[in-house]
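In what follows, a structure is listed as structure tokens, so that the remarks can point back to it.
In this chain, residues are counted from 1 in sequence order.
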Amino acid sequence: MNKVTITPTDNGPYVIHGGVTLLDGEGNPYQLSDTIALCRCGHSSTKPFCDGSHERVNFAAVNRPTSPGRTMSQVVASSF
């Protein structure tokens, strides 16, 4: 089994390392390398992939755990 990591970079894209399958809206797989960057600023002209537009639009997001010991399930549940 491949280990996959997803890292939200400071003020930039999600960087995904490891073998993943990414599908388009019709269920067709993209041809990918082992490392990809997915847009999270919403301004990329190559969505879902990052094209560096976050720098041009001054996208700002720094993600850190909100409190020690809090699980992701608790974070997600509290946002609905």
Side-chain angles (χ1 to χ4, degrees):
M1 175 188 266
N2 290 340
K3 181 178 179 184
V4 175
T5 59
I6 302 171
T7 305
T9 61
D10 290 352
N11 306 318
Y14 292 110
V15 175
I16 302 172
H17 296 281
V20 297
T21 300
L22 180 63
L23 305 175
D24 68 14
E26 296 177 352
N28 302 305
Y30 288 96
Q31 296 297 314
L32 304 173
S33 66
D34 280 343
T35 301
I36 60 173
L38 297 179
C39 175
R40 67 181 184 135
C41 76
H43 293 276
S44 175
S45 63
T46 59
K47 288 184 194 101
F49 304 102
C50 176
D51 69 357
S53 292
H54 57 275
E55 294 178 8
R56 178 178 47 83
V57 300
N58 296 317
F59 177 71
V62 176
N63 300 92
R64 301 292 184 269
T66 54
S67 62
R70 191 169 183 201
T71 68
M72 189 50 143
S73 297
Q74 293 168 321
V75 172
V76 170
S78 68
S79 64
F80 290 101

Checklist outcome for this item: Interatomic distance, CD1@I6 vs CG@L38, rounded to 0.5 Å, equals 8.5 Å
Item to check | Check against side-chain contact (heavy atoms from CB on, under 4.5 Å), D51 and R56 | outcome: CA-CA 10 Å; D51 69 357; R56 178 178 47 83; over 6 Å; no
Checklist entry - Are L22 and P48 close enough that some pair of their side-chain heavy atoms sits under 4.5 Å apart? => result yes
Item to check | Neighbour count above 12 (heavy atom, 6.0 Å) for Y14 OH | outcome: no
Checklist entry - Do V4 and L32 sit in the same hydrophobic cluster, where Ile, Leu, Val, Met, Phe, Trp and Tyr count as joined when their side-chain heavy atoms come under 4.5 Å apart? => result yes
Checklist entry - Just by distance, with hydrogens left out, do H17 and T35 show a side-chain donor and acceptor under 3.5 Å apart? => result yes
Checklist outcome for this item: In this structure, CG of N58 is separated from SG of C41 (nearest 0.5 Å) by 10.5 Å
Item to check | Backbone of F49 reached by a side-chain donor or acceptor of S44 within 3.5 Å | outcome: yes
Next on the checklist: Does either side chain, that of N11 or that of R40, offer a donor lying less than 3.5 Å from an acceptor on the other one?
Outcome noted: no
Item to check | CA sep, side-chain torsions, deciding dist, call: D24, Y30, side-chain contact (heavy atoms from CB on, under 4.5 Å) | outcome: CA-CA 7 Å; D24 68 14; Y30 288 96; 3.8 Å; yes
Next on the checklist: Taking G18's backbone N and O only, do any of them form a donor-acceptor pair with D34's side chain (distance below 3.5 Å, no angle check)?
Outcome noted: no
Next on the checklist: Treating K47 as the side-chain partner and G42 as the backbone partner, does any N or O pair qualify as donor plus acceptor under 3.5 Å?
Outcome noted: yes
Checklist entry - Which value, rounded to the nearest 0.5 Å, describes the distance between H43 atom NE2 and H54 atom NE2? => result 12.0 Å
